[in-house]
Structure formats: C-alpha cells, structure tokens
Amino acid sequence: MNTAVRFPSASLSSSSSVFFSNFPRNSVSMETIIPANLNLIGKGKGPHFSTISASNDRHGSPPESTFRGGESFFRNILAAMENVYLNKNPTAKSILDLVRSVDDDRICYDHFAFRSFGVDGHGIDSMAKLFVDFGYVQREELRFPAKKLKAFWFSPPNIPHSGDGTGVNGPLPRIFISELLVDQMSSEAQKVIRKYTKLSGNGNMHASVASALGCLTWEKPAYTEFQQLARESEYAAWTLVNGYTVNHVTISAHRLKSHLRKIGNLNQFIEENGFKLNSEGGVLKVSPDGLLLQSSTVADSASFQFAEGITESIPCSYIEFAERLVLPEFKDLPENKVEEFHRRDGFEVGNADKIFESTSIDQLTRKSV
C-alpha cells in the first residue's frame, strides 16, 4: 500500500503544481466506524440559516434558548461524531488522554467544527439543521475572501446542571460550520464539486448521520479529481474526501483546573510531549481585543483508497485549544463567580483564518523546530 502523499502544494486559497512525498508519521487507515447503541434518524427540511445576517457576538450573555428534544439522544449523536473523529485522529485522542491525566479526568469542549460545500444545499444549512432543531442559535457570520469561505457559529442552548460532566457529557459546545463558496471557484473545480454533490442526491439532508457514521454522502472520489481540487483549494480537496466528518474539536483551556488552564502552559505541555502545533501566524493566535486566544495541532493523515483503486495519504483532522478571557466589565468578579457568559464569546476571522491552515500541506510537511 502506497501511503506517500501526492498532494499539491497550495495554501487553502492558492494554486501550485508542486507535489510532496514526505507525509507526517501520524496516519491511520480510513474506515467507517459505526458506534454502538446509536439510532439516528434525519428527516424534514429545515430553514436556510446561512443567508441570515447575524450580530457581532463578542460579548458574553446567558444562553438565550432552552434545549429542545431528548438530551441523551442528542448527546449520543455528539458522542458518535466524537468517536469517529478520535478513531481517525490518534493525535487528538492522545492529547485528550494526556490532558485528562493532568486535569482530574475532566475536559470541556469549546466548540466542534465542520466543513462543507456551499452548493446544491450541501453547505452550512445541511449541518446546522441538527443543532438548530435542538435549540442552538445562529450567531455571527465570518467571511474569508482569500479562501473563498464563509462560516457561521451557533451558540448552545441552556441545559441546567450540565457543568459537572466531561467531554460530550459536559457543557454543550459551540458549533462552527464553514462552507466553500463554490460559485467563486473555477469552472473546472465547480464541475468536480457539483458532480459529487449531485451523486449525493438527498444526502445533504442527512449530514449529521454521515458525520456520526464517518462516511461520505457521495461515492468514493477519483484521485485525479482530488488532485485537481487541491491545486486550487486544499479546503475543497479536504471536504471531498472527509465530507461532514468533524474537522476539529476544541478543548476549553480556561475550564481546566490545573496549570494547563493558561493556554501558554497548555501549548508548552503539548509540544513537550512531542506534538506539532500549527505555526501559521505564530503558534498562539490572538484576537485584536486580546481576549480570545487559540492554538491547534497540525492535522493527522490517513490512508484513503480512491475510486481508481489508488491508496494515498490525505489530511484528516486536528485538535484546537481556546482560552476565553473575562470581559473588561466583569474583571472585578471573584474567580469562583465567573461563568462562561462573563468571558469573550464568538470567533475571530484573523484567528480562524490561520487555524484553517492546520490541514494545509505546508503545515503537514513542516519539520518540528
């Protein structure tokens, strides 16, 4: 089995014809993982949320909505998505285990992130429906013109007494969903993407099921078309082979109890244990207001068999870390009185733009310093 990468060198928005052959060692075999005890049903048509303009939600406030539906059912869906993600990404699993070993076996997630194709109903709306149905609220829109992307984030509903759990059984995470603005791509790239979204049929209506099962809603793509997309947009190529799989989960650093609650200490801990962090724009990404601090690992790789029978390495997912500082108006609150809504909320285009590069070939082939 040939696992040498032949992935065109490009930023998420640029073009190049250079090919690389030294893919990172963190690779696993791609496979469909169906979690036990899960019964997922997707049905109905939801509203189109991605066309709504949202406010700039950077200041915290208590959750505005309450949870709708069966909580255990929803958490089982999140757990299934997490299981697929962890089985395909050994770096994320190892880091979560390491942090738990230091922090009394408790981790809270800041957010889950997904990617999509913004065409033929396969964009943000397709993945957002699950979360909105259970009470999530759409928030701010973010635009990334150079990468031909847009995104929305969704705040979780209020669930009383959810603060004591860990992982998907703890406080519900924010949701960040991005989409490729396919109409802005070249006609050749559009043709490839539309070919597969058409093959998906109504698969977009069951995006959350695909994510929970770890499978594509379209047929296995051709390697030549994967290469073609990668030369123009690594985001497009990633989405073609990973679909609605979780792109990353994020550890909420400030909710940890040990010294790792400071993201600088957490970054140092991660690197000292031999893991490579995304260096795009510096390891630590800081919002202009200085209140949102983020970092991430470089994505793992996985062997993937394409339609021609060729097996090659592809970029998979990564893990992110976020520390949200207390807003100035609440700076005098005693630490034990500070809640999540007292902290900086939302996302930042400049930070997210660099975090996207965690799956880029430049980061994956960069040697650790």
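When only modelled atom types and interatomic distance are considered, Glu179 and His122 share no side-chain donor-acceptor pair under 3.5 Å. A donor and an acceptor atom, one from each side chain of Thr297 and Thr91, are nowhere located under 3.5 Å apart. At a cut-off of 3.5 Å, with distance as the only test, no side-chain donor of Ser360 or Asp362 sits close to an acceptor on the other residue. Defined by atom type and a distance below 3.5 Å, a donor-acceptor pair is present between the side-chain atoms of Ser258 and Asp103. Checking Arg115 against Thr239 by side-chain atom types alone, no donor-acceptor pair falls below 3.5 Å.
Leu96 contributes atom CG, which lies 4.5 Å from atom CD1 of Ile107 (distance to the nearest 0.5 angstrom). For the atom pair CG (Asn204) and CH2 (Trp218), the distance works out to 9.5 Å, reported to the nearest 0.5 Å. Going from atom CD1 of Ile251 over to atom CG of Leu260 covers 9.0 Å, rounded to the nearest 0.5 Å. We find the CZ-OG distance between Arg231 and Ser186 to be 10.5 Å, quoted to the nearest 0.5 Å. Here the straight-line distance linking atom OG of Ser295 with atom CD1 of Ile355 works out to 6.5 Å at 0.5 Å rounding. To the nearest 0.5 Å, the span separating NZ on Lys150 from CD1 on Ile177 amounts to 12.0 Å.
Linking Ile, Leu, Val, Met, Phe, Trp and Tyr whenever their side-chain heavy atoms come within less than 4.5 Å puts Phe306 and Ile193 in one cluster. Hydrophobic clustering, with ILVMFWY side chains joined whenever heavy atoms are under 4.5 angstrom apart, keeps Tyr318 apart from Phe321.
Applying the 6.0 Å contact sphere to CG of Asp104 captures no more than 12 heavy atoms from other residues, nucleotides or ligands. Around atom CD of Gln184, more than 12 heavy atoms belonging to other residues, nucleotides or ligands sit under 6.0 Å away.
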For the pair Asn247 and Phe114, evaluate side-chain contact (heavy atoms from CB on, under 4.5 Å) and give the outcome as yes or no after the intermediate values.
CA-CA 5 Å; Asn247 175 256; Phe114 303 87; 5.8 Å; no

Yes or no on salt bridge (Lys or Arg N to Asp or Glu O under 4.0 Å) for Arg366 and Glu280, after CA distance, side-chain angles and deciding distance?
CA-CA 11 Å; Arg366 175 179 59 83; Glu280 183 72 19; over 6 Å; no

Could you go through Tyr196 and Leu216, starting from their C-alpha distance and side-chain angles, then the distance that decides it, and tell me whether this counts as side-chain contact (heavy atoms from CB on, under 4.5 Å)?
CA-CA 10 Å; Tyr196 287 98; Leu216 299 172; over 6 Å; no

Could you please spell out the steps behind the side-chain contact (heavy atoms from CB on, under 4.5 Å) verdict for Glu329 and His342?
CA-CA 9 Å; Glu329 57 265 41; His342 293 130; over 6 Å; no

Show the numbers, then the answer: is there a salt bridge (Lys or Arg N to Asp or Glu O under 4.0 Å) between Arg68 and Asp133?
CA-CA 7 Å; Arg68 299 194 296 266; Asp133 282 351; 5.7 Å; no

Verdict with supporting geometry, Ser252 and Arg343, side chain to side chain donor-acceptor pair (under 3.5 Å)
CA-CA 12 Å; Ser252 180; Arg343 297 179 180 275; over 6 Å; no

Checking Tyr244 against Val209 for the side-chain contact (heavy atoms from CB on, under 4.5 Å) test, could you report, in this order, the C-alpha distance in whole Å, the side-chain angles of both residues, the deciding distance, and whether it holds?
CA-CA 9 Å; Tyr244 293 110; Val209 178; over 6 Å; no

Determine, step by step, whether Lys285 and Asp353 satisfy the salt bridge (Lys or Arg N to Asp or Glu O under 4.0 Å) criterion, reporting the C-alpha distance in whole Å, the side-chain angles of both residues, the deciding distance to 0.1 Å, and the verdict.
CA-CA 10 Å; Lys285 286 70 168 156; Asp353 185 72; over 6 Å; no

Walk me through it: do Arg174 and Glu320 pass the test salt bridge (Lys or Arg N to Asp or Glu O under 4.0 Å)?
CA-CA 13 Å; Arg174 299 167 183 82; Glu320 185 187 319; over 6 Å; no

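Counting only distance, with no hydrogens or angles, the side chain of Ser126 and the backbone of His206 share no donor-acceptor pair below 3.5 Å. Side-chain atoms of Gln190 come within 3.5 Å of backbone atoms of Met185 as a donor-acceptor pair (strictly under, hydrogens ignored). A donor-acceptor pair under 3.5 Å links the side-chain atoms of Ser317 to the main chain of Val246, judged by distance alone.
Shown are Lys262, Glu340, Glu323; of these, the side chain to side chain donor-acceptor pair (under 3.5 Å) with His254 is made only by Glu340. For the side-chain contact (heavy atoms from CB on, under 4.5 Å) criterion with Thr197, the lone passing option out of Val182, Val192, Asp120 is Asp120. When the options Tyr136, Phe176, Phe152, Phe154 are evaluated for a ring-ring contact (aromatic ring centres under 6.0 Å, His included) with Phe131, the one that passes is Tyr136.
Stacking of Arg143 on the aromatic ring of Phe347 is not recorded, the 6.0 Å distance cut-off and the 45° axial limit not both being met.
Ring centers of Phe67 and Phe74: under 6.0 Å apart, within the cut-off.
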